[in-house]
Amino acid sequence: MLELHIWGPAFGLPSIDAQCIAIIAYLNLTLSKDQWTVVASSNPLLSPNRELPALRDDRTWATGFRGIVEYLRKKTDGQADLDSFLSPVEKAECIAFSAFIETHGQSLIDLSLYVSRKNFDSCTRSIYATLLPFPMQYYMPVRLRSQAKDRTAGLGVTTLDIDAVEPTPKAPEAGTPHTTAPPEQKSTSILSSTEVAATFKLMDLVADFLEPLKARLGDEKHFFGDYPSSLDCLAVGYLALCFYPELPQAWLQNEMKKSFPRICGYLNDLKPQLIGEFVDAKSILTYTHGGERVTSMLPWGVAEKGDLPWMSMFLVEKALDVMGLGRNNELRKQKIKEKEDAMDPMDLERRRKAQAAARRQRIKSVLTVAGGVAAFVGYCVWVLQTGSQHQAAGEDVGESARVVREYIIVDDDGEEEEEEEEEEDEEEEDEETRKAREAEELEIIERMEGENEKNAFGLAGAILGLNNPRPPPQEFSPGEEEEIAEDIQEEE
Amino acid sequence: MSSFNIPPMLKRVFDSFPLLILPDDPLPSGYLQPSKDKPLLYVFTTPADAAAGKPSFNPSCLKWQTYLKLCGIDCRIVPSSNHASPSGALPFLISAAAAPSSATKTISVGALRKWAAENGSAPNEIPEKEQPRVQAFLAMLNSQIRDAWLHSLYLSPTNFVTITSPQYRSTTVSAVNLILSHQMQAAATKELLKARPGGIINPDDIYADAESAVSALSAVLGEDEWFFGAEEPGYFDAAVFGYTHLVLATEWDEGEAGLMRAVKGHANLVAHEERICRTCFPGTSVREK
């Protein structure tokens, strides 16, 4: 008995994932009902690839649409092969169009079900909530959405994501009688212009996907003549998820109805034969988790119960990944070992040499960086030490420092004043002190500005060391400096 | 707008910063003056190969290099890296300035095909009724074969050390190179995981898919000289050549040459590669070495 594990049903379709629908259709056409069951376990951790759909044949697993098709062909010696009637060129076309549907179709489904915030919030997320056990229903949809966003990042459609985040423009303020056009209209026109641009972009994407399919299909009932092939299964899987979901933002469905009636007709004709009529998600899910049996065209099975194993398996996986012992690594190690066993000694030697060279280079770079950092730290320490020696030796700190010192005098004065004031006004009310301080600050700034005229670029300019087009400020002898300080005090 | 007034105190601080316009920096010494007669095509390649007009070592760059040649546009090849491109992707092209005063235009990958059609003689395109098949096979080339290419170049340990990193490292600073190699491998992994939501990269699956894709290409080429029965090589032939030539010309590690074995098994694809090589890059054919 073959067990097909899939993402659970949604939108009246047997699954919320296109590849799952496609493989259901394929098994439905190739196997009799007592040879397989379909289990809506919605648990990707079951499969060795961590992806659904996955087919379990006793202890062997096959994953993905292509993987399962290939596995069935080998297992049954070509009996369960829908593509056996194709010519070599048609087989080639079948492979190419499958890749085409998988890339283009997936990005449209990503956009319509996951990236579009309105659709995701009101439909997709709540469907996953019914499919998944408690902690997963918060983690999985968000992760799937971010993956969908990654996949569609290059397509240049961003407005779909922000449509709900950005509130509708505020109502215009009253009392603007001078504008000729009512401001309300203006704002909607701006809104619609970005919307129109996005809509054009989306329609382009839809046409890029469906035009070649329409042209290839021509007037036939199937892609390759009278019989359905694996390409038809795949096409129905992806097109069904584009066409049947009822979403708040139904651009994809509308466009298909409007511009591609031929594709819609193909889908409606083929769907009953391939995946059956409307699937009631609720009753299927109750049955999957041990409820009442349902009558359906598909051989639904019961999922192994277990929120706890689910959760613990997930946690263990994550922990292993973090420690670098995850499944990816396991696969890689296994692969390397296999290869080393099969390789001749010359190659092994060459590979060792290459790896040693890489290691040497890595050590060299680490040493270079470490040496650089050490040298820099050493330099800093040296500069600090010599600097403090200079200060100990005397006051000779150079002329730039003297320019700055003038301002330090001002600052010092200001602070002193503040302190005096604070002492005096201790008992006065807060309000007054604040006002006084503000006034004082203003005064200080004004005074600083006066001083600043010496440097064309002002205080900040002096600190930043900007070029001074004028000759450098006069140097004052210590006696003069005292005079200036006195002047300032007089001003106060 | 009254709430946006700058407080007077702050305004004075701002006022004390002068608006200073510095003279233009001189252009970097490696900068090439746009030539008057030839457009410049920036691709991943080595300076020696660029001077000799040899093929680039990057499939996408090689595709455009070949396609422009097929259109009869003679470009000067400039070695570059994606950090130099305005769009972040190579190749890009700077058109020739017709008159000394007229400005040059920078054309990114996306607009290159249109530009080639306007400035050269685009080869006879495949008939309209074959377009769906062309689209489908292009999608296959850009998913299954590209995935295998990425995996054998970036995620196969020996190939990465012996082939990829010497090619794509653009500086001589070893620490920077180390960071760049990590970035490249991370980018390749991310790219492969886009189509694999489970987060598991299984090399066996990737190469099996690539093998079936290569045999599909071989089947659709059949006994024809060019793809889809065209009279002369066109865009799709250039795209296929971008991969087949590099797959055949690269000296893969024995244990990680799955893609090369897949292509070598199909004599008609090898012959197709050689035909384009003779047309566009005389003297660089793999078999002549």
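These numbers come from a predicted model, not from an experiment.
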Could you give the distance from NZ (A/K364) to CG (B/L178), rounded to the nearest 0.5 Å?
-> 11.0 Å
Using non-hydrogen atoms and a 4.5 Å limit, figure out which bit of A/R66 sits close to chain B: side chain, backbone, both or neither.
-> side chain
Go through the atoms of B/S212 and report whether side chain, backbone, both or neither lie under 4.5 Å from a heavy atom of chain A.
-> both
Say whether, by atom type as modelled, one donor and one acceptor occur between the side chain of B/Q135 and the main chain of A/P212 under 3.5 angstrom.
-> no
A/R143 side chain vs B/P197 backbone, donor-acceptor pair below 3.5 Å = yes
Sorted by chain and residue number, the salt bridge (charged side-chain N to carboxylate O under 4.0 Å, His left out) partners of A/K353 (sequence neighbours excluded) come out as none
Salt bridge (charged side-chain N to carboxylate O under 4.0 Å, His left out) with A/E51: which residues, sequence neighbours excluded?
-> none
Any donor-acceptor N/O pair, A/R216 side chain to B/P132 backbone, under 3.5 Å = no
Heaviest contributor of heavy-atom pairs below 4.5 Å to chain B, chosen from A/Q106, A/E93, A/E102, is A/E93
At a heavy-atom separation under 4.5 Å, does A/Q147 approach chain B through its side chain, its backbone, both, or neither?
-> side chain
With chain B, which of A/I95, A/V89, A/T63 has the greatest number of heavy-atom pairs at distances under 4.5 Å?
-> A/I95
Could you tell me whether the side chain of A/N49 reaches within less than 4.5 Å of the side chain of B/D205, counting heavy atoms only?
-> yes
Measure distances from B/K190 to the heavy atoms of chain A and classify the residue's part below 4.5 Å as side chain, backbone, both or neither.
-> side chain
